[in-house]
Amino acid sequence: MHLPKEVRLVEVGPRDGLQNEAQPISVADKVRLVDDLTEAGLAYIEVGSFVSPKWVPQMAGSAEVFASIQQRPGVTYAALAPNLRGFEDALAAGVKEVAVFAAASEAFSQRNINCSISESLKRFEPIMEAARNHGVRVRGYVSCVLGCPYEGKVSAEQVAPVARALHDMGCYEVSLGDTIGSGTAGDTRRLFEVVSAQVPRAQLAGHFHDTYGQALANVYASLLEGISVFDSSVAGLGGCPYAKGATGNIATEDVVYLLQGLGIETGIDLDRLIAAGRRISSVLGRDNGSRVARARSAQ
Ligand code: HMG
Ligand code: MG
């Protein structure tokens, strides 16, 4: 068994997590969450989105959040940008890394960003050019890689060309998202086998939601496929506004616990991370979605 020695976690709680909350969340609470995550040792935090507030109202204060967080040298603070307008707003807010997001299913692309897959890829080209001009790195997402809330099962062959297109246009890494959390470990292995014929494994990441309770198994299956970057969300925050019933991402605490057990280094302080997850869960008045955090509070 050859597992990676180090794994990089991309913390998406402040973005993928909070974007789905029905209740308003203050800028101060968002800033506190990001600062807590920095303190816990996360090296990459997705802080917010520069999207239309009519589509995702929770991300409206992202520029203010960026202005107030304590940025630690060596930590990446990133934001989502769906179009050039979003990229320019992100740049004006001082963002140094952005993510663009496409889908493997046409129906999800329409519901999420109001255009076809190929239109979305065209829309990203000016972002890529502007990013190159400003020295901004761009990460790419593909959603619905193992299933779509509108179209059902999605094949790895549908995902590969979209991942390849993002890679070819200059995304340094492409994160494959099981947006509805329906995929199994077998599906995950096949996904990476097929997509890695188009994009090198070192430039692929896994983004698993836990709707069907498969996310941790899917992370392990991905490790066996040589994938060493995973997106996760503290306290398992979130869901997806365009995928009804989808739960949050896999909880960061649970991934760290898994990796510690495998002797894989992440640089994250699990106790501080658990404290960060408890704080935001109590601010939101929601159950903590991390099994590790729940087990620790029961001890
Ligand atoms: P549209 O309605 O087709 O765009 O939306 P439009 O150009 O016609 O603009 C509509 C309005 O939005 C206009 O304002 C624009 O100015 C404004 P109005 O004239 O009506 O007052 N607008 C903007 N405002 C702020 N920032 C912008 C921006 N662009 C236009 N950047 C659009 C198209 C892409 C803008 C919209 O569909 C959108 O914002 N979608 C975002 C959806 C989203 O954020 N989804 C969640 C993230 S993806 C995800 O969670 C999956 C992931 O986690 C991976 C996984 O789990 O699989 C990444
Ligand atoms: Mg997601």
Side-chain angles (χ1 to χ4, degrees), residues 10-21 46-63 78-93 95 98-105 107-117 119-124 126-127 130 138-150 154 158-159 162-163 166 171 173-183 188 191 204-211 215 218 230-233 236-252 289:
V10 170
E11 171 59 49
V12 296
R15 194 280 304 170
D16 206 354
L18 299 188
Q19 73 182 8
N20 203 44
E21 286 294 321
E46 213 173 61
V47 171
S49 296
F50 291 84
V51 297
S52 163
K54 288 184 185 146
W55 286 68
V56 185
Q58 281 296 6
M59 290 292 107
S62 290
L80 252 55
N83 51 20
L84 192 56
R85 152 94 190 268
F87 176 82
E88 283 165 354
D89 290 352
L91 203 62
V95 178
V98 300
V100 294
F101 46 109
S105 101
F108 190 83
S109 183
Q110 290 291 350
R111 303 280 178 116
N112 194 33
I113 47 177
N114 206 22
C115 64
S116 68
I117 298 169
E119 282 164 347
S120 75
L121 296 171
K122 278 212 180 65
R123 208 179 262 180
F124 300 152
I127 298 183
V138 184
R139 190 169 193 254
Y141 279 107
V142 187
S143 289
C144 296
V145 297
L146 297 174
C148 167
Y150 315 109
V154 172
Q158 280 171 269
V159 179
V162 185
L166 291 171
C171 292
E173 184 170 282
V174 180
S175 173
L176 304 185
D178 182 14
T179 315
I180 58 170
S182 61
T188 299
L191 174 73
L204 290 171
H207 177 114
F208 298 106
H209 287 254
D210 202 33
T211 318
N218 291 343
F230 297 98
D231 305 347
S232 61
S233 170
L237 293 176
C240 176
Y242 301 101
K244 289 276 168 268
T247 65
N249 296 79
I250 186 167
T252 311

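Indexing begins at 1, ligand by ligand and atom by atom, following the structure's order.
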Say whether [X], considering both its backbone and side-chain N or O atoms, lies within less than 3.5 Å of an N or O atom on ligand 1.
{"X": "V51", "answer": "yes"}
{"X": "H207", "answer": "yes"}
{"X": "Y141", "answer": "no"}

Would you mind listing which atoms of ligand 1 come within a distance below 4.0 Å of any non-hydrogen atom of P53?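 Answer, ordered by atom number: 24 (N), 25 (C).
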Only heavy atoms of G177, strictly under 4.0 Å: list the atoms of ligand 1 that pass.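 The atoms of ligand 1 under 4.0 Å from a heavy atom of G177 are 57 (O).
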Any N/O/S atom of D16 sitting less than 2.8 Å from the Mg ion (ligand 2), backbone or side chain?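 So D16 counts as coordinating the Mg ion (ligand 2), yes.
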H209 NE2 and H207 NE2 subtending at the Mg ion (ligand 2) (10° steps):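 It comes to 90°.
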4.5 Å side-chain heavy-atom contact, N83 and F124: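 With C-beta onward as the side chain, the pair stays apart.
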Quick one: look at [X] and ligand 1, take heavy-atom pairs under 4.0 Å, and tell me if it's side chain, backbone, both or neither.
{"X": "Q19", "result": "side chain"}
{"X": "R123", "result": "side chain"}
{"X": "N83", "result": "side chain"}

Does R139 make a cation-pi contact with Y141, if we ask for NZ or CZ under 6.0 Å from the ring centre and within 45° of the axis?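 Yes; both conditions hold, so R139 lies above the ring face of Y141.
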Looking at Y150, I'd like to know if the NZ or CZ of R111 sits under 6.0 Å from its six-membered ring centre while staying within 45 degrees of the ring's axis.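 Judged by the rule, R111 and Y150 form a cation-pi pair.
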Proximal candidate to atom 34 (C) of ligand 1 [heavy atom criterion; set S120, G181, P82]: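 Closest candidate by heavy-atom distance is P82.
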Return the set of residues passing side-chain contact (heavy atoms from CB on, under 4.5 Å) with A215 (not counting sequence neighbours), or none when no residue passes.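 With neighbours one apart ignored, the set is F208, D210, I250.
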